[in-house]
Amino acid sequence: MNGSRLVSAGHYQPAKVLTNDDLAAMVDTSDEWITQRVGIRTRHVAEPGETVADVATHAAAKALAGSGLDASDIDLVLIATCTQTERAPNVASRVAARLGVPGAALMDVGVSCSGFTHALAQADHAIRAGAATNALVVGADLMTTVTDWTDRTTCVLTGDGAGAVVISASAEAGIGPVVWGSAPELGSAVRIEGTPTRFAQDGQSVYRWATTQLPGIARRACERGGVRPEELAAVVLHQANLRIIEPIAKKLGAVNAIIARDVVESGNTSAASVPLALSKLLEGGEVPQGAPMLLFGFGGNLSYAGMVVRHP
């Protein structure tokens, strides 16, 4: 086997929807202000008692059902999350137990907003090395559980959800080499810390870093994946906000690609955002089979990871 390929995807969002008008009744803001600043109109919010493992399991079950594989075929489970409260068993263990996955390697990956693409690269590497054959990779976060609902600069951003993919060993590589890295000296620009744990960020620092540094890195991911930006059928960036997504996509030059804008409906769901948006694109039949897509996560730790993936 020369690599791995994407087999299927799935996603899950809690039923409760919080609109901009709902937020305007809670904090000094408005639908117009939020839409102009970040492009978000709604976000999904977990019910009390709903956990990261719960939303991850729902998304993973959907991806597994679409793969044609049995739970017993999965030998690696990676869960990207930064909002789990459980330490042991980890989220991957809880999800595997609920799905009936026996004996797999189980790991949580904590790289915040770029966690899913980091985890996808690790699963691809494991398959290339012969350490796994079929991997379940999930991004799941409940960002509203770490949100300060009195802070109008951050509470307008966050949402909850999960997205998942199954990837399998393949004679032809359908997942390109990863380009990943970080700017740790700027890592404190995004924080989830304190007691109680709360999300905070220096929005201007994140915006400048993302819009000036990341387009060139995204182009490098295309080069490593063997495609030109104009050949991309879809670009799925971390769904931070539209003021970041649109400039990166424009500078990248993916003129023929569908640009995922799930942030409008879902808000910023951290590690869940890339697989959540990807699953919706694939479910909607918007990307031709075999077409190249750029998946690119970035954010917390001021880290990034991106790769070209072929539609299954």
Side-chain angles (χ1 to χ4, degrees), residues 1-10 52-53 56-57 59-82 84 86-112 114-140 162-182 221 224-226 271-272 274-275 278-279 292-293 295-297 301 303-312:
M1 295 296 178
N2 295 320
S4 68
R5 65 181 180 91
L6 179 65
V7 176
S8 60
V52 170
T57 300
K62 188 173 179 179
L64 183 60
S67 72
L69 299 172
D70 294 328
S72 58
D73 295 321
I74 302 296
D75 47 20
L76 174 62
V77 179
L78 298 179
I79 309 289
T81 183
C82 63
Q84 79 280 18
E86 307 92 350
R87 296 295 182 267
N90 63 10
V91 181
S93 176
R94 294 168 190 265
V95 171
R98 295 178 187 185
L99 295 179
V101 175
L106 309 168
M107 288 173 273
D108 289 358
V109 178
V111 201
S112 303
S114 63
F116 173 80
T117 43
H118 273 84
L120 184 61
Q122 292 172 16
D124 174 57
H125 296 165
I127 290 174
R128 288 175 183 267
T133 301
N134 301 298
L136 177 62
V137 185
V138 185
V165 300
V166 172
I167 69 171
S168 295
S170 174
E172 295 185 6
I175 297 177
V178 67
V179 173
W180 56 9
S182 64
R224 295 209 68 196
V274 169
L278 172 66
S279 177
M293 306 174 288
L295 309 185
F296 195 84
N301 318 292
S303 59
Y304 57 84
M307 69 284 285
V308 173
V309 174
R310 296 276 174 177
H311 185 298

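Everything quoted here is computed from the prediction, not taken from an experiment. Index from 1, following the sequence.
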In a table with atom names and distances, give each donor-acceptor pair under 3.5 Å that connects a side chain of residues 304-312 to protein atoms at least two apart or in another chain.
{"unit_1": "Arg310", "atom_1": "NH1", "unit_2": "Gly290", "atom_2": "O", "d": "3.1"}
{"unit_1": "His311", "atom_1": "NE2", "unit_2": "Val287", "atom_2": "O", "d": "3.3"}

Which atom pairs, one a donor and one an acceptor, fall under 3.5 Å between side chains of residues 64-77 and the rest of the protein, sequence neighbours left out?
{"unit_1": "Ser67", "atom_1": "OG", "unit_2": "Leu64", "atom_2": "O", "d": "2.7"}
{"unit_1": "Ser67", "atom_1": "OG", "unit_2": "Leu69", "atom_2": "N", "d": "3.0"}
{"unit_1": "Asp73", "atom_1": "OD2", "unit_2": "Asp70", "atom_2": "N", "d": "2.8"}
{"unit_1": "Asp75", "atom_1": "OD1", "unit_2": "Thr133", "atom_2": "N", "d": "3.1"}
{"unit_1": "Asp75", "atom_1": "OD1", "unit_2": "Asn134", "atom_2": "N", "d": "3.1"}
{"unit_1": "Asp75", "atom_1": "OD2", "unit_2": "Thr133", "atom_2": "N", "d": "2.9"}

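Here the closest non-hydrogen pair linking Pro275 and Ala271 is CD-O, 3.5 Å. The two residues Ala104 and Leu106 come nearest to each other via the heavy atoms O-CG, 3.3 Å. Contact between Ala60 and Val138 at its shortest, heavy atoms only, is CB-CG2, 4.0 Å. Minimum interatomic distance between Ala221 and Val179 (heavy atoms only, all atoms of both residues): CA-CG2, 3.6 Å. Annotation for Gly100 and Pro102: closest pair O-CD, 3.2 Å, computed over non-hydrogen atoms. Across every non-hydrogen atom of Ala63 and Ala164, the tightest pair is CB-O, 3.8 Å.
Side-chain atoms of Ser170 never come within 3.5 Å of backbone atoms of Gly3 as a donor-acceptor pair (strictly under, hydrogens ignored).
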With side chain to side chain contact (heavy atoms under 4.5 Å, CB included) as the test, would you mind laying out the steps for Met293 and Leu6 before giving the verdict? CA-CA 11 Å; Met293 306 174 288; Leu6 179 65; 4.3 Å; yes
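Applying the salt bridge (charged side-chain N to carboxylate O under 4.0 Å, His left out) test to Arg224 and every residue at least two apart in sequence or in another chain returns nothing. Residues forming a salt bridge (charged side-chain N to carboxylate O under 4.0 Å, His left out) with Asp124 (at least two apart in sequence, or on another chain): Arg128. Take Ser112 and apply the side-chain hydrogen bond (donor to acceptor under 3.5 Å, both in side chains) test, not counting sequence neighbours, and it matches no residue. Residues satisfying the side-chain hydrogen bond (donor to acceptor under 3.5 Å, both in side chains) criterion with Ser303, sequence neighbours excluded, are Ser114.
By the 30° and 60° cut-offs, the orientation of the rings of His118 relative to Trp180 is parallel.
Val111 places a side-chain heavy atom less than 4.5 Å from the side chain of Asn301.
For the atom pair CZ of Phe116 and CD1 of Ile79, the computed distance is 10.5 Å after rounding to the nearest 0.5 Å. Distance check: Ile127 CD1 to Ile167 CD1 gives 4.0 Å after rounding to the nearest 0.5 Å. From Glu172, atom CD reaches atom OG of Ser4 across 13.0 Å, with rounding to the nearest 0.5 Å. From Lys62, atom NZ reaches atom OG1 of Thr57 across 15.0 Å, with rounding to the nearest 0.5 Å.
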